[in-house]
Amino acid sequence: MADHQYTLAELAELLEVTCVGDAEIVISGLATLASAGSGQLSFLANPKYQKALATTQAEAVIVAADMVDIGPANCLVSANPYLTYAKASQLFDQSSSTVAGIHPSAVISSSAAIDPSASIGPHVSIADNVVVGAATVIAAGCSIGKNTVLGEACLLHANVSLYHGVSLGDRVIIHSGAVIGSDGFGFAPSPDREKGGWVKIAQLGGVVVGDDVEIGAGCTIDRGALDNTRIGDRVILDNQVQIAHNVELGDNTAIAGCAAIAGSTQVGKNCTIAGGAGIVGHLTIADNVHITAFTLVTKSIAEAGAYSSGTPMQDSRSWRRSAVRFSQLDAMSKRLSDIEKKLD
Amino acid sequence: MADHQYTLAELAELLEVTCVGDAEIVISGLATLASAGSGQLSFLANPKYQKALATTQAEAVIVAADMVDIGPANCLVSANPYLTYAKASQLFDQSSSTVAGIHPSAVISSSAAIDPSASIGPHVSIADNVVVGAATVIAAGCSIGKNTVLGEACLLHANVSLYHGVSLGDRVIIHSGAVIGSDGFGFAPSPDREKGGWVKIAQLGGVVVGDDVEIGAGCTIDRGALDNTRIGDRVILDNQVQIAHNVELGDNTAIAGCAAIAGSTQVGKNCTIAGGAGIVGHLTIADNVHITAFTLVTKSIAEAGAYSSGTPMQDSRSWRRSAVRFSQLDAMSKRLSDIEKKLD
Amino acid sequence: MADHQYTLAELAELLEVTCVGDAEIVISGLATLASAGSGQLSFLANPKYQKALATTQAEAVIVAADMVDIGPANCLVSANPYLTYAKASQLFDQSSSTVAGIHPSAVISSSAAIDPSASIGPHVSIADNVVVGAATVIAAGCSIGKNTVLGEACLLHANVSLYHGVSLGDRVIIHSGAVIGSDGFGFAPSPDREKGGWVKIAQLGGVVVGDDVEIGAGCTIDRGALDNTRIGDRVILDNQVQIAHNVELGDNTAIAGCAAIAGSTQVGKNCTIAGGAGIVGHLTIADNVHITAFTLVTKSIAEAGAYSSGTPMQDSRSWRRSAVRFSQLDAMSKRLSDIEKKLD
């Protein structure tokens, strides 16, 4: 992390927080309280870890005002240490090393409009009429289908596949292996009585992704059947999230790993959907709804709040007993009613 | 959608349905009842949306005979409007724009047999002894392992990986990021007492995929340990489906997103497996079985029908109370029995 | 399988087992008891399949000493037939056909250090300061980010994406579509009251993968936020497994398809996590813990053993009755208590 160095005073200015202690010390990296050492900045966002603050070897720490006296002498005092840590992390990020221009191995249609400040990596394919905005980076092995439009300052990591007719806003980050614009799962039962099977419904809609969206590794977002699939502004998707055709995700909604939303479901704004959860198709989910991990949502949700399904973990032996009784629940309920009648 | 235009009379002929109204109007696209406008064709497949038929601005609609009088004057009258819509969608599909031939950046083994009518995109790799049938399209960045055979009129979207020894029938569509022929998850516990771990079982079988199969984005289908993994004719897989080694899927079976079938399980014909469902290994599932979303199938199913597991969604507070009681179910059952004994 | 041929005597020596019968017969392949024929070796690892041993057409079989008299005259007698089969499978594996050297279409940074015995396939991209060890194979379309280090005898199948700052030990196998080192899902809530959304936390840690690890197709393993994500030695991951940032997996742990481990969770050694299971974040799981399929682990596990959640599969009609009662469980429990009070 030696490339990115700041004095504590510089950091305080960049992060818009107050500097306490020796403003001239040089910070060259970020680390946790437990592992930080000389030249490193750490942070305390959760009071639960207050103990670690007292013993940390960090050169300086980001803390709330009431924690200044507990830890190291050098502090960045913030009303929101977690947010300040987030901003600081970006200052120390050295992952990017792209240069503007098109790698000679990339295959670019002559009808594509690539901004000169964009960076197109090795083995990229860009089809007809694609538009790539200023400062957008497309890393190695990505494929961009015809008529697809990327806004400014987007970042596509290696091996992302965008189909035709996809639209990305500005500052969209897409991680490796993600696929945007694949065909929705639409088929009519075949009229062939003998063979059976399915008649494919061509998926004629597109995918419209808003600004400031992040899409995790291995996510799949299908194109719409007729209208578009829509991902709102500032939506964040963790890895391996599946978004079916014609889904609409409201602004700011966050979806954790391996969750899946079935076709035509509309999810509101500011929702959080935890890992492995699922929402069946054609539902409407209100704003500010929170779905817990592994929950299956089978009906529309009209009120903000938290929703769950599933059973608690037990040791397998106890669980088997519970599970057997689950199958008997209706009978148990009737036995209970019978007893109540007897006693009345 | 201006490239593909048909008069209503032409559509009626192509779709083998009856034309009502002005046969000479020009249709240039498909849209939903709610969003269709001038020059667009829509459809009513579900009587639930009958209201929208009365108010649609569509130029023409695909409807059943008993709906002709409700909507626009121009109709395509079909005994199966959904099927007619499916066929019409293919007429208006403009996604394809491939040309026969091999892109100069593709790397093709001299022992591969590529039909002259096939289209091989940029940055494709094709290994020894691969066979690619007539009119098959392999898009950018795909990799095809040695001895793999693709039938006619297949379509591999960008960045698909086929390992060696995979066989695809005719008209197989595979979406981006899918992987066919990866090693099954087979390991023997290591005899090394101290280190532990696993001895890899080389996966010597292949994958055989039938005709008219569609495989969604990010699907993974493992090769067999000794015999082949088999995907029947007209099987359709949504995105992120996982098929383990030596699974056999019967003809016409449909599997929705994020479902997974564990090793050596045989699934019958005409089954539907909903999103996020799982089937454990070494089971036999009969024909015409329907598994609901998020269900875990833990034993073989001998009879056609619908099967489920899981619990209903509740608000999280109510759910927590249910969940606690689930852990107490066996005790509750015994208390119930005790009461019944007392009362007898 | 004609390329790899051994006499039974040669196999006995290579596999360190005893040869019974005609030591000079030539074995050219492996097959199951049911499908094996002339020239093929089979095995009986599970006494359940003993019947098939009596009728197999296999040229020879791997069996335990007490099974020698049941099947074919030619046997390899092993104290652990399954392990012997695993070793034999490797002898008959013909999947590899790589040659040392760098394919001319690969794009390799001048600062990368590629061992001359390594094999770099077509359309591979290797960034600055990457190190690739002896005999390591990187197949077509892989992308390797800067400063990433691959040990010796690793095998990356086609279209694998390794980000920057990833470290692989020796003999690591990674299947197609897998992504290692993508950003963890870390965001601070935005201070912008009106717009909402999220401030990205740059993920500054890396991923460290031990020796003899196998990572399945479509797996995603995120880089750490500050410290590294760690995968122990001899860990095996099936397809589509999701490992979040800062997870630590202990040595020898095996994770089946579509399972997911959330951020900062530490899983012990010798654990098995079955398909579709999930572990929420910031937990500690002891050594020798076994999680059954589709289980959600929501609290730390301090004791070795098996753990489960979920409900048993029923036909959907019966299941709906159980499910309704689940929502009423707390009320049922109170009714039970009321009755008990009455009776006391």
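Lettering follows sequence order; numbering is per chain, from 1.
Distance alone, capped at 3.5 Å, is enough to place a donor-acceptor pair between the B/S316 side chain and the A/Y307 backbone. Side chain of A/W198 to main chain of B/D212: no donor-acceptor pair is present (N/O by atom type, distance under 3.5 Å, no hydrogens or angles). At distances below 3.5 Å, not a single donor-acceptor pair connects side-chain atoms of A/R325 with backbone N or O atoms of B/S333. Listed for the A/S322 side chain is no donor-acceptor partner under 3.5 Å among the backbone atoms of B/L329.
If you measure heavy-atom distances from A/A260 to chain B, the contacts under 4.5 Å come from the side chain alone.
No side-chain heavy atom of B/Y82 sits under 4.5 Å from any side-chain heavy atom of A/F187. The closest side-chain heavy-atom distance from A/D183 to B/E214 is below 4.5 Å. When side chains are defined from C-beta on, B/D238 counts as touching A/Q242, because their heavy atoms get closer than 4.5 Å.
Considering every non-hydrogen atom in both A/F294 and B/F294, the closest pair reads O-CE2, 3.8 Å. A/P189 and B/L83 get closest at one heavy-atom pair: O-CD1, 3.9 Å.
In this structure, CG in B/N252 is found 9.0 Å from CG in A/D192, a value given to the nearest 0.5 Å. The CG atom of A/L226 lies 4.0 Å from the OH atom of B/Y85; values are rounded to the nearest 0.5 Å.
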